[in-house]
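First, the structure itself, so that you have it in front of you.
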Amino acid sequence: LPVREKDVDVHLPLSPVKLQVLLSLSDGDKHGYGIKHEVEERTEGKVRLGAGTLYAAIRRLEMEKLLEEVGAPPGTEGDTERWRFYRLTAFGRRVLFAEVRRLEADIRAARAKGLSAGIEGAG
Amino acid sequence: VTPDPRFRRLLRLYPRELRTQRDDELVRFLRRQRSEPRYRNGSLGGLLFFLDVGVDAVRARRVLRSGRRASPGAMLADDLRRDVAYAGRTLLRAPGFAVCALSLALAVGATAAVLSTVDWLLHRSAGGVQEPDRVFAIQVGDAERPELGAFGLSFPQYLALRDVQDAFEDIAAYAKLVGVMSSESGADQVVYEYVSGSYFPLLGLRPALGRLLERDDDVEGAPPVAVLSHAFWRSRFGGDPAVLERPVRLNGQWARVIGVAPEDFEGYNMDWNGPTSVWVPVHAGPALGVGGLPTSTGSFFRLLGRLRPELSADTDLLRERAQVWLPELPPLTATAFRATTLLITESREMRIARRPAAARFLGALTVVSTLILLAACFNVANFFLGRALARRRELAIREALGASLPRLLRQLGTEAAALGIAAATLGVAGGVALAHLLATFPSIYLGLPTTAIPLSTAGAVDGRLVGVVLVLCFGAALAFGFLPALLSFRAPMSALKNATPQWTWSRVRVTPRQAVLVLQVALSVVLAVTAGLYARSFARVAGADPGLVDPASILVAKVLPRGISAEDGNAFHDALMERLNAMPEVESATIGMNAPFMGGLGSFSLPGSEEVVRAGSTRVGPGFFSTEGVPMLAGREFRASGEDQPEGAVINHVLAAALWPDADPVGRTLVHSGVERTVLGVAAMDRCNNLLDEPEPCSWALFARGTTSGYLRIRTRVDPLDLVPLLRALVRELNPDVAIAEETAMDAYVARTTAAQRGSALASLGLALFGIVLLAVGCASLFLTMVKDSVREIAIRMALGATHGRLSARILRQGLVLIGAGAVAGAGAARMLAGRIADHLYELQPTDPVTFVAAPLLIALVGAAAVGYAALVATRTLPAEHLQAE
């Protein structure tokens, strides 16, 4: 089924938690704690996801078909803890790209107005 | 890793929607989080952790509420879909699931196909009829001799009944005959019906093309018009609508086609000739060579009536009401039976003439397919018990930690549902294919000639079949997968102690798996006994000896002289025999009125005696016995037509012994249906009507020629079927409107006559073997896992010095006790069932000792082999593995 632009636009803008979850999954399948760990590492501890927040976001994203549950990747079969793994759907990837494009446009606009990282409170 | 109940308690802070979905995952997550460095700082760390979780729980609620709110229904559907997909993924990896689902699908497919065919043939009326429950068949019978069956009425009786009866809106008459349709390409036999003008309006049929016969078509002197059946229109005229402008040649006369009947209508009643191809009005009879039809007092017609709307469709009441009509009707021609009662029959009873034979065939299939279904159900039970026990510990821990019963129910239910879906998908496909197969070969169980137009399968496969498959698949998955697994959870604490759950019944304690094993063995025995009884019964059928010399070189072919005068018929028959006997390929040729072993019955007595002997009775031409290779025990057979006295008779040794136990019958006189005949000879033929019975009394009179159809028997010097083109050319040369039909070699004919019995023997044997294999596999795997369950005990015993031999003996003993119990129970159950299938058995007692000893023994041996294998595996390999695992 072809995905229409307006199907994508409904999901924009993404909430900060959702954006972090999708970003985290954009380079590979992860389980819940793996997502939390990656986000914390990438943001240097600035974004901390609790269990409830994370799984609530996952549940919503799953219902919106932006991500899906998948089988455990090879090499993890012997793990005593059987985590559920998640993957970005093709549609989820489109939404993430759209969100990134939207953010980039905002950042370009900000730079055009003389705002950029490193120059704080100028003007 | 021991789960900490504290994390469970923390979960209560989270929204219910998350808890029911992800409880394990959340606990896992929290445990991991708790071990992070920032919470390690003693009680302060604990407090921080608790605060973070509290904040997180509030945020979670907000996130869940964000965005568009999904409807509760959509959420439930979403959960269900995910659960099913998850169950599907885990099940697909489970060993044995494929076998389990496949066997259930096959068994359900077979059962559904059989049930659907039973429904189609035995419980439904002819296709396309409006409100068939309000249409009844009217025949006459002899109340004092119900064994003679039902007879038709004459057309004058029909006309009289129409006026005198007060229960039906209208009544219609139909007579089914075999005629000839000829064209440039040749003449063919065709099954056609003479019907009264009320026939189609009464049934409420709608034409597929043109129009159907109406009341105005059936009046004296009206031109002959014909309605074709849909199948005949397709096969003979390629479904060409232009057939409406084209006259067809029926019985040597021209008739105009006015329409085509609806697709699934093949005649109100299907007799041994098969579906009807053409319908013509009764009053076209004289024009089509059946002159006296509307005025004859012979019992040619079957009647049907549509009940008046204000009357209830109660057959008993109707029968009672009908009896006063009978004395008002003109009498039939004098026959051997007296019509003393009007028989009113429901529509569906009339659909096929060989209802008892078909019911027997389908009954055998129903019994076996039901047993197979049970076998498959035990496999399902076995599989789910295995899974349940393997996860017993895991689920017991969860339950102890507070996972709700509904949660467990849902998990088990979803797996059972996944099995149901898998089996139903395959089962519908298999069932539809099998039902088509059953419907396509009615010649096997309806005994129709192979040349008959195949039955329309349009009505055979419908939504009911799908419904049956769905009900059976989900019923089996629920009853045999979900329930036993659930029952084995009743004592979760015992699972924690690594004990096997037990069902206590009186003082006997059995584990669920032991119970299943005993039931499986019992069922195997029932299946094996049933299959054995069928096999032995049908082996007798297959071994029946028709008493013919070299039947493979006899050609049997029907010859139908239609639309010619009696004199022309005589001349035709004489010329045909003369020319055939002169052919170099032909050793000798003769004719009989009936197909082989399909004669009629007559009453025979000595002159002046009241004592009557019922015997097979038919007419045959000169040279009949020598052509079939039957020697004469005394006297001679018929000589060439015209030279012999027509009131002579040939009888067989059985009738001779019955009438003249101590004297030579040749030259003596017997009375056959009021006609005195002189016995010319005694033939050494055992049977005339039924291939499968004990030797029966038989009598033969001289073939009458004229326009009588008959079955040629030609002993050939070449392959009999190679003679067919020569025969057809010869007949065509003699008269182009005479048809040759049903050509077959005598050995193939005999084989076909017993095809129903052999067919159902093969089908039930095949199904039963399939079931037995299923059960053997089930037994072996079941016992193997039972041994695995007690591997700790075995390992300890071996460590304490028990030898392989003693351990094997112990396992074997335990297994054999279970198998023995199952075999005894199975034999008992089989004994009860055997009484019910006694009707399907041919010359075999349902208590046949050979079967009842051999079948349980066979199953016990298979079971013992399975146990032996398990014992071997257990003592040789399992302890080592177990010790490694520990």
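Below, chains carry the letters A, B, ... as their sequence lines are ordered, and counting in each starts from 1.
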- prompt: With only heavy atoms counted, which part of A:Ile58 is less than 4.5 Å from chain B, the side chain, the backbone, both or neither?
  reply: side chain

message: Once you measure the plane-to-plane angle for A:Phe91 and A:His11, does it fall in the parallel (<30°), tilted (30-60°) or perpendicular (>60°) bin?
response: perpendicular

message: I need the residue from B:Leu26, B:Leu30, B:Leu13 with the largest number of non-hydrogen atom pairs under 4.5 Å to chain A.
response: B:Leu26

- prompt: If you draw a 6.0 Å radius around CZ in B:Phe50, do more than 12 non-hydrogen atoms from other residues or ligands fall strictly inside?
  reply: no

statement: If one checks every heavy atom of B:Phe29 against chain A at 4.5 Å, the contacting part turns out to be both

Ionic contact status for A:Lys18 with A:Glu64, cut-off 4.0 Å: yes

Among B:Arg59, B:Arg62, B:Glu25, B:Arg61, residue most engaged with chain A (heavy-atom pairs, under 4.5 Å): B:Glu25

- prompt: Are a donor atom and an acceptor atom from the side chains of A:Ser24 and A:Glu38 found within less than 3.5 Å of each other?
  reply: yes

message: If you count heavy atoms of other groups shown closer than 6.0 angstrom to CZ of A:Arg87, is the number above 12?
response: no

- prompt: Pick from B:Ala57, B:Pro15, B:Ala60: which one has the most heavy-atom pairs with chain A under 4.5 Å?
  reply: B:Ala60

